[in-house]
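Have a look at the structure below, then the notes.
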Amino acid sequence: MEKQLLTLTVNGQPYELYINPKTLLVEVIRDHIGLTGTKRGCSTVSCGSCTVMLNGMAVKSCSILAMQAEGAQVTTIEGLEQTGELAPIQKAFIDHGAFQCGFCTSGMIMTAQALLDENPNPTEWEIREGIEGNICRCTGYNSIVRAIDATAKGNYKEV
Ligand code: FES
Ligand code: FES
């Protein structure tokens with residue numbers, strides 16, 4: 001299949017890539033650009049480990065073709081930290097031990113950040129509802145919910 005030109009911005013950096021039009025966004029992020037913080041757990045839009053922000057909205061990057069992100073602003077876990085400082089949500093995940101194996105963590109954090117961007121003061125129920133598309137097989141979710149709640153309340157420790 002003839003390759004097509006994709007232009008998009010990832011973590012503030014512009015990219016021009018010639019790709020097979022059937023290439024998924026997760027493949028462009030991991031395999032073409034080399035940002036492997038975004039995980040690929042199921043490839044069936046089930047686990048959420050591939051979650052990134054597309055124009056500010058959390059999306060499962062295995063669920064869309066990269067060409068659908070033409071002209072878009074994509075943010076991955078690598079783009080959350082600013083000027084060498086971890087973002088508050090990242091600090092809170094460390095502070096609250098909100099991960100064990102860590103495979104779900106980058107997707108979970110991107111979903112959490114998008115949730116907090118849209119709703120800076122979520123209730124516990126809104127947090128649980130907001131992350132329901134992200135599966136964690138290790139933590140039991142309570143520490144993740146506490147980390148998101150602490151971020152909303154500005155209650156995380158510097159790490
Ligand atoms: S890899 Fe995309 S949802 Fe699991
Ligand atoms: S920390 Fe292992 S899947 Fe979430």
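Each ligand, and each atom within it, is numbered from 1 in the order the structure gives.
Atom 2 (Fe) of ligand 1 forms the vertex of an angle spanning SG of C62 and SG of C50; to the nearest 10 degrees it equals 110°.
Interface of C136 with ligand 2, defined as ligand atoms under 4.0 Å from a residue heavy atom, comprises 1 (S), 3 (S), 4 (Fe). Annotation for ligand 1: atoms under 4.0 Å from non-hydrogen atoms of G41 are 1 (S). Per-residue contacts place V45 under 4.0 angstrom from the following atoms of ligand 1 (heavy atoms of the residue considered): 3 (S). For ligand 1, the atoms lying closer than 4.0 Å to a non-hydrogen atom of S46 are 3 (S). Close approach to G102 involves these atoms of ligand 2, each under 4.0 Å from a residue heavy atom: 1 (S), 2 (Fe). Numbered from 1 in the order shown, with element, the atoms of ligand 2 that lie under 4.0 Å from a heavy atom of R137 read 3 (S).
C136 places a side-chain heavy atom less than 4.5 Å from the side chain of Y141. Side-chain contact check for F93 versus T105: some heavy-atom pair is nearer than 4.5 Å. E78 is not listed as a side-chain neighbour of V10, based on a closest heavy-atom distance of 4.5 Å or more. Two residues are said to be in side-chain contact when any heavy atoms from C-beta on lie closer than 4.5 Å; I19 and H32 meet this criterion.
A donor-acceptor pair under 3.5 Å is formed between the side chain of N55 and the backbone N or O of Q73. Checked by atom type and distance alone, the side chain of E126 pairs as donor or acceptor with a backbone atom of T123 at under 3.5 Å. Distance alone, capped at 3.5 Å, places no donor-acceptor pair between the K60 side chain and the T44 backbone.
Protein heavy atom in closest approach to atom 3 (S) of ligand 1: G48 N, 3.1 Å. Residue, atom and distance of the protein heavy atom nearest to atom 1 (S) of ligand 2 are Q100 N, 3.2 Å.
In S61, neither the side chain nor the backbone holds a heavy atom less than 4.0 Å from any atom of ligand 1.
Among the backbone and side-chain atoms of C104, no N/O/S atom is found under 2.8 Å from atom 2 (Fe) of ligand 2. When distances to atom 2 (Fe) of ligand 2 are checked against a cut-off of 2.8 Å, C138 contributes an N, O or S atom below that limit. Atom 4 (Fe) of ligand 1 has an N, O or S atom of C42 closer than 2.8 Å. At least one N/O/S atom of C47, from backbone or side chain, sits under 2.8 Å from atom 4 (Fe) of ligand 1.
In summary, R128 and E132 do not engage in a salt bridge, as defined by a charged side-chain N under 4.0 Å from a carboxylate O.
A donor-acceptor pair shorter than 3.5 Å can be found between the side chains of T76 and N11.
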